[in-house]
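Below is one structure, written out as structure tokens; the observations come after it.
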There are 2 protein chains.
Amino acid sequence: MHIGAAEQASGLPAKTIRYYEDIGLLIPARQQNGYRDYGRTDVHKLAFLKRARGLGFSIEDCRALMSLYGDRNRASADGKALAHTHLHRIEAKIAELEGLRGVLAHLVDACHGDARPDCPILDDLAGLLEGQA
Amino acid sequence: MHIGAAEQASGLPAKTIRYYEDIGLLIPARQQNGYRDYGRTDVHKLAFLKRARGLGFSIEDCRALMSLYGDRNRASADGKALAHTHLHRIEAKIAELEGLRGVLAHLVDACHGDARPDCPILDDLAGLLEGQA
DNA sequence: TATAAAGCCTCCTGCGACTGGAAGGTCAAG
DNA sequence: CTTGACCTTCCAGTCGCAGGAGGCTTTATA
């Protein structure tokens, strides 16, 4: 199966599939003409990678997950640990963004937003609140 | 004021301050020996940039905000529009991450996480749920 | 059979927003 | 006069690809 077909079957762009080969995530066989040759297992792995990336796992996480994926003697605890760590990262990111959202919503709310120049948003950025305190 | 002092005063690393000059965000005066020379206004602007970046505004947003910052005839509506757009981006990102969190929390919860190899997390990534349906 | 189009290959560059490091100039203190 | 801190410029690397150039091979059509 050529890379174009693997692209259709896995949902990953050919560019990405080649990149994954570059970094050693999934190295396919080659035909005599040099074309990459993907088998059914390869396509499964590509779809696996797509799903894992879609869940926000880093490439290095994916490497570890792929290793577990192909390991019959794996411990489910290992997969769980990876997912758990990743979940914590996501929760931390959410908390960070919620903090930003709070500040921004407050500022947007406080700004009348007309043609006049006085703007609490720019004032906050300029640190005038501290300056006036 | 040398860059080291500006670093202390603004809270931005010297590397970042130089980078901001490279991309034309804040170009300081130079002393005769070639050293950068930051004045009080420059330090204010650096602190302004630090605050804006800390709120997650992109560099291009910061460029626009800086322009408004220095414009006596600005309309507060412009600042509000930038902040509003940014707020929407953050909310969209939060929603996306909350989706991921939901899926991951579910998977982590479903995985017993012991020495046995069967792992709902890896099964999900492998698309076995669809395969079995 | 000739040719055009599609698909494949490798290699290089760029994105955003820095960060680290090398090689070298400048300045104040001992 | 030397040491060390501080400054300069420039280059490379980060992450995860995407875009494009230039050149094969294969396939489809006239």
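Chain A is the first sequence line, chain B the second, and so forth, proteins listed ahead of strands; every chain is numbered from 1.
With C:dC9, D:dT9, D:dA18 as the candidates, the nucleotide lying closest to the side chain of B:R18 is D:dT9. Closest to the side chain of B:R53, out of C:dC18, D:dT8, D:dC17, is C:dC18. Minimum atom distance to the side chain of A:Y35 is reached by C:dC8, of the listed C:dC18, D:dC7, C:dC8. Which of D:dT25, C:dT10, C:dA17 sits closest to the side chain of B:S58 comes down to C:dA17. In the set D:dT25, D:dT8, C:dC18, C:dC18 carries the atom at the smallest distance from any side-chain atom of B:T16. Closest contact between the side chain of A:N33 and the listed nucleotides C:dT10, C:dC8, D:dT26 involves D:dT26.
Between the base of C:dG21 and the side chain of B:K15 there is a donor-acceptor pair shorter than 3.5 Å. Between the side chain of B:Y19 and the base of C:dG16, no donor-acceptor pair under 3.5 Å is found.
Remark: C1' of C:dC18 and CG of B:L26 are 16 Å apart, rounded to the nearest angstrom. Separating the CG atom of A:L25 from the P atom of D:dG16 is a distance of 10 Å, rounded to the nearest angstrom. The separation between B:L46 atom CG and C:dA17 atom C1' is 16 Å, rounded to whole Å. Per the geometry, CZ belonging to B:R89 stands 13 Å off P belonging to C:dG16, to the nearest Å. The separation between B:H2 atom NE2 and C:dC27 atom P is 9 Å, rounded to whole Å. A:I23 has its CD1 atom 10 Å from the P atom of D:dC15, to the nearest Å. The interatomic distance linking A:Y20 (OH) with D:dC17 (C1') rounds to 8 Å, in whole Å. As a whole-Å value, the separation of A:E7 CD from C:dC8 P is 8 Å.
Contact check, A:R30 against C:dT10: a side-chain N or O comes under 4.0 Å of OP1 or OP2. Taking 4.0 angstrom as the limit, B:R36 places a side-chain polar atom (N or O) nearer than this to OP1 or OP2 of D:dT8.
A continuous path of ILVMFWY side-chain contacts below 4.5 Å connects B:I23 to B:L26, so both sit in one hydrophobic cluster.
By the 6.0 Å contact criterion, NE2 on A:H112 is enclosed, its count of non-hydrogen atoms from other residues, nucleotides or ligands being greater than 12. More than 12 heavy atoms of other residues, nucleotides or ligands sit less than 6.0 Å from atom NZ of A:K80.
Position along DNA chain C of the nearest nucleotide to A:I3 versus B:F57 favours A:I3 as the more 5'-ward residue.
Applying the salt bridge (charged side-chain N to carboxylate O under 4.0 Å, His left out) test to residues at least two apart or on different chains, the pairs with a partner in residues 14-32 of chain B are B:E21-B:R30, B:E21-B:R36.
No side-chain heavy atom of B:D78 sits under 4.5 Å from any side-chain heavy atom of B:D71.
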